[in-house]
Structures are given as C-alpha cells and as structure tokens.
Number of protein chains: 2
Amino acid sequence: MSRTPRGETRSRILEFMRRRIAAGEPPTVREVQQAFGFRAVESARAHLRALVQAGQLVHLPGRARGYRLPEPVGALSWVPLLGRVQAGALSDAIEAPEGYVPVRAQDAGKAHFALRVVGWSMVGAGILPGDLVIVRRQPTAHSGEIVVALVGDEATVKTLRLRGGQVVLEAQNPDFPPIFPDPESLRILGKVVEVRRYLEEGS
Amino acid sequence: MSRTPRGETRSRILEFMRRRIAAGEPPTVREVQQAFGFRAVESARAHLRALVQAGQLVHLPGRARGYRLPEPVGALSWVPLLGRVQAGALSDAIEAPEGYVPVRAQDAGKAHFALRVVGWSMVGAGILPGDLVIVRRQPTAHSGEIVVALVGDEATVKTLRLRGGQVVLEAQNPDFPPIFPDPESLRILGKVVEVRRYLEEGS
DNA sequence: TTGCAAAGCAGACATTTGTCTGCTAAATTG
DNA sequence: CAATTTAGCAGACAAATGTCTGCTTTGCAA
C-alpha cells in the first residue's frame with residue numbers, strides 16, 4: 001500500500017478538523033477515516049491521538065464527535081443584532097433579533113448584544129452611522145467609557161462622563177451638545193466593547 | 001409538576017442550541033434534557049423537533065449531535081491576524097499569525113486575513129490606529145475602495161483612486177499627502193471589507 | 001366543567017460512534 | 001541488514017446517543 005510521507009497526512013487532518021469544528025460540526029472518527037480513505041477506523045484514530053498528544057487538538061474521551069480545538073481558535077459565539085431598542089423593550093427585542101454577529105467566546109453569553117448606530121454624533125470616536133456596536137449589558141459604567149443609554153424612549157450611544165457628581169452624556173461631535181439627563185430617568189443599558197463596520201453589502 | 005408558560009422554554013432552548021452549536025459543540029438530546037431539568041429524553045426531543053418544524057434548527061436524523069443552525073447564523077470561520085506585513089512576506093506571515101479573528105463564513109477561506117492599523121492616515125474614514133481591518137486578498141480594486149497596498153517595504157491602508165488613468169493612494173486625513181506610486185512597483189494585497197475596534201484589553 | 005391539545009414522562013430499543021486487541025507492512029535507524 | 005518505530009488494517013466490543021411507543025399531567029378555551 002502506498003503511503004504519504006511522514007507528517008503530511010497529519011497536518012492535512014488537522015486542517016480538516018479545524019474546518020469542521022469551526023463550522024460547528026466536529027466529525028466522527030469514521031468521518032475522518034472516510035475523508036482520507038483509510039480502510040480502518042483505527043488509522044484515523046491514531047492520527048487524532050497523535051494530534052492530541054501534540055497539543056493541537058483536545059479530546060473528550062468517550063463522547064461522540066469529541067474532538068475540539070484548543071483555545072483561542074476554538075471558542076466563539078454569536079451575539080444577537082437588535083434593531084432599534086425602545087425603552088424597556090430590550091428583552092422583547094432580544095426575542096426577535098435582526099441577525100447574529102460572531103464574536104470571541106469571551107464576549108459571549110446573554111450579557112451581550114449588538115446595535116446598529118444611527119447618526120453622526122460619535123464620529124469623533126471613529127463611530128460612523130451604520131456601524132455595529134457590540135455591547136456588554138451592565139447597569140453602570142466608568143467616566144470616559146462609551147455606553148448605550150436610554151434617553152427618553154430611544155437608545156443612544158454616547159460617552160459617559162462624570163462632572164462633579166453630575167452625569168453627562170457627551171457626543172463626540174461638536175455639533176451635538178452634551179446631554180444632562182435626569183438621574184432618575186437615566187438608564188444605562190451597557191458598555192460598548194467593540195465597534196464594527198462592514199464595507200460590503202450583507203449587514 | 002410546575003411548568004413554564006407556553007413557548008418560553010422553547011426559545012430558551014433555541015438560545016441554548018445556538019450557543020452550543022456556535023461554540024463548535026452541538027449538544028446531545030440528553031444534554032438538552034439535563035440543561036433544562038426534564039425527566040425524560042423525549043421532552044427535550046419534542047422541543048427540538050418543534051424548533052426544526054419552525055425552521056429555526058436543522059436536523060440530521062440519526063446522527064449523534066445532529067442539530068445545526070440554519071444559515072446564515074451557523075456559518076462562520078476564523079481569519080488569521082497578521083502583524084506587520086513586509087513586502088513579499090505575506091505567505092510567511094500567514095504561517096505564523098498573531099492570532100485569529102472570527103468572521104462570518106462568507107468572509108472565510110484562505111483569501112482573507114486581518115491586519116492591525118498603524119497611524120492616523122485614515123481617521124477620515126473612521127479607521128483609527130489599533131483598529132483591525134479584515135482584508136480579502138485580490139490583486140486589483142475599484143476606485144474609491146479602501147485597500148491594503150505594498151508601498152516600499154511595508155503594507156499600508158489607503159483609499160484607491162483613479163485620476164485620469166493614474167493610480168493614487170489617498171489617505172483620509174489632510175495631514176497626509178496622496179501617494180502616486182510607480183505603477184510597476186505598486187502591489188495591491190487586497191480590499192478592506194471590514195473594520196473592527198476592540199475597546200477592552202485582549203486584542 | 002369538559003374536552004382537547006400541548007407538554008411532559010418512562011422505559012425499551014436501534015443506531016451511531018468511540019475504543020480495544022492483535023496483526024501486517026512500510027519507513028527509519030544504527 | 002536487523003531492530004525498532006510508525007502507519008495502517010481488521011474485526012469485535014462497549015458506550016453514547018438517537019428514536020420509538022404508550023401513558024400521564026397541565027394549560028386553555030368552549
């Protein structure tokens with residue numbers, strides 16, 4: 001039986017595993033076997049075992065489709081892209097997201113969502129209309145951080161500033177005056193942890 | 001036995017499935033059962049079946065961990081984050097990436113990579129130093145598109161412009177004069193399809 | 001209240017899939 | 001070349017996991 005030179009098949013298998021796992025579909029040992037034309041399941045498994053040995057894969061013994069990628073390549077998640085967010089309707093909006101955006105797993109979980117920016121008020125911070133902001137939900141924030149806050153009935157993106165005990169929402173654009181919200185009615189939805197701009201159609 | 005109101009459990013299960021599948025680890029029916037405290041496997045399976053019925057999940061019958069997300073939520077991939085790119089060394093740089101960045105699958109494949117932006121030359125386009133640009137490799141581009149081009153020995157991000165048959169690389173910052181590169185030595189590495197800014201530490 | 005449909009339960013069963021043992025053949029090494 | 005390691009093969013076995021049937025409970029509305 002002819003045979004591929006040392007190590008070459010192995011890295012091709014790693015590539016195969018990376019693709020499949022990243023696509024959310026870890027393969028079975030037998031799928032690896034077939035994909036590479038082995039005639040025995042064990043041949044595939046030996047390669048997988050070697051890749052685990054080399055630290056390039058992680059194995060959960062006994063579990064079906066139990067091979068994973070070691071961090072940081074492996075972990076990622078999706079965050080719901082909400083349209084406009086009305087006061088109090090945040091949880092409703094999460095029920096019917098406009099779409100989903102991939103993020104690193106550390107930014108995942110229920111605590112995050114994404115919004116599309118409307119208007120030019122934050123150009124000074126490099127945030128343009130149409131950009132997506134990824135927001136970690138939290139009820140407070142530090143001075144200087146960019147937050148999503150409810151002002152009136154609509155969510156807006158602004159820089160939070162504390163001026164002598166007084167909360168100010170600053171735009172990053174001289175054309176937009178700062179907002180001095182009533183502390184009672186101010187509600188911080190979360191902190192902007194990422195800004196994203198797609199330059200081609202499709203979100 | 002107390003029970004959650006109609007439909008609520010279902011959307012929580014969908015959320016659970018989304019997270020697990022996106023993380024590269026589709027759960028088993030029994031894992032869903034346990035996660036939601038059902039006492040019978042069938043209870044979980046009934047929910048999953050209903051979600052498939054509603055088109056919110058896709059099922060591969062008989063396969064272990066056989067639930068998938070329908071496009072476009074499901075498909076995603078990773079793109080290598082290159083540091084600085086020297087002339088001609090692009091393929092070398094890809095061999096040793098600084099890290100990986102998650103993107104939607106449509107932006108995946110070998111044809112893409114990410115770069116970190118240095119300098120203020122593109123502020124006018126909302127691209128700040130430290131931002132990541134996701135680049136689709138292509139040897140040409142249209143006028144007005146933002147490209148990564150090799151000028152001298154270093155890669156730079158600029159707007160490509162055609163002025164009467166003459167190629168110009170324009171910065172988006174009045175402090176930076178346009179570049180009129182020698183057509184012989186100009187090399188376009190690709191087109192910027194996305195801009196990304198992380199506002200917290202960790203890339 | 002009564003009836004119906006949705007939700008849940010219990011357990012058996014079938015299939016998929018991981019794992020093991022022993023073997024053969026090709027590469028590598030001294 | 002002989003010894004050793006690596007790659008691959010074959011088949012059996014066991015565990016994980018999907019699927020099925022029949023039944024009970026709950027929510028809802030006529």
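By convention in this document, chain letters (A, B, ...) are assigned in the order of the sequence lines, proteins followed by strands, and residues within each chain are numbered from 1.
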Report yes if a side-chain nitrogen or oxygen of S43(B) is closer than 4.0 Å to either non-bridging phosphate oxygen (OP1 or OP2) of dA7(C); otherwise report no.
-> no
Which whole-number value in Å describes the distance from R65(A) CZ to dT15(C) P?
-> 17 Å
Has Q53(A) got more than 12 heavy atoms of other residues, nucleotides or ligands less than 6.0 Å from its CD?
-> no
Return the value, rounded to whole Å, for the distance between atom CD of Q33(B) and atom P of dG11(C).
-> 12 Å
Distance only, no hydrogens: is a donor on one side chain within 3.5 Å (strictly under) of an acceptor on the other, for T159(A) and Q172(A)?
-> yes
On DNA chain C, nearest-nucleotide positions of H47(B) versus R49(A): which is more 5'?
-> H47(B)
Could you check V41(A) against G62(B) and say which one's nearest nucleotide on DNA chain D is further toward the 5' end?
-> V41(A)
Among dT17(D), dG8(C), dA10(D), which nucleotide sits nearest the side chain of F38(B)?
-> dG8(C)
Is there a donor N/O on one and an acceptor N/O on the other, under 3.5 Å, for the side chain of R63(B) and the base of dG18(D)?
-> no
Please state how far atom CG in L60(B) lies from atom C1' in dT17(D), giving the value in whole angstrom units.
-> 14 Å
Give the nucleotide from the list dT17(D), dG8(D), dT19(D) with an atom nearest to the side chain of A64(B).
-> dT17(D)
For the side chain of R39(B), starting at C-beta, report the closest nucleotide among dA7(C), dC9(C), dG8(C).
-> dC9(C)
Taken to the nearest whole Å, CD/E42(A) to P/dA12(D) is 15 Å
Rounded to the Å, how far apart are R10(A) CZ and dT5(D) C1'?
-> 12 Å
Between CZ of R30(A) and P of dT17(D) the distance, given in whole Å, is 14 Å
Whole-Å distance between dA7(D) C1' and Q53(A) CD?
-> 16 Å
Could you tell me whether A46(B) contacts a base, only the sugar-phosphate backbone, or nothing, with contacts defined as non-hydrogen atoms closer than 4.0 Å?
-> nothing
base_contact_polar (dG18(D) base, R45(B) side chain, donor-acceptor, <3.5 Å) | no
Taking the six-membered ring for Trp and the single ring otherwise, decide whether the centroids of F38(A) and H47(A) are under 6.0 Å apart.
-> yes
Can you check the R20(B) CZ to dT17(D) P distance for me, whole Å?
-> 10 Å
Test item: R65(B) side-chain N/O and P26(B) main-chain N/O as donor-acceptor pair under 3.5 Å | yes
Side-chain donor or acceptor of Q166(A) paired with backbone N/O of R163(A) under 3.5 Å = no
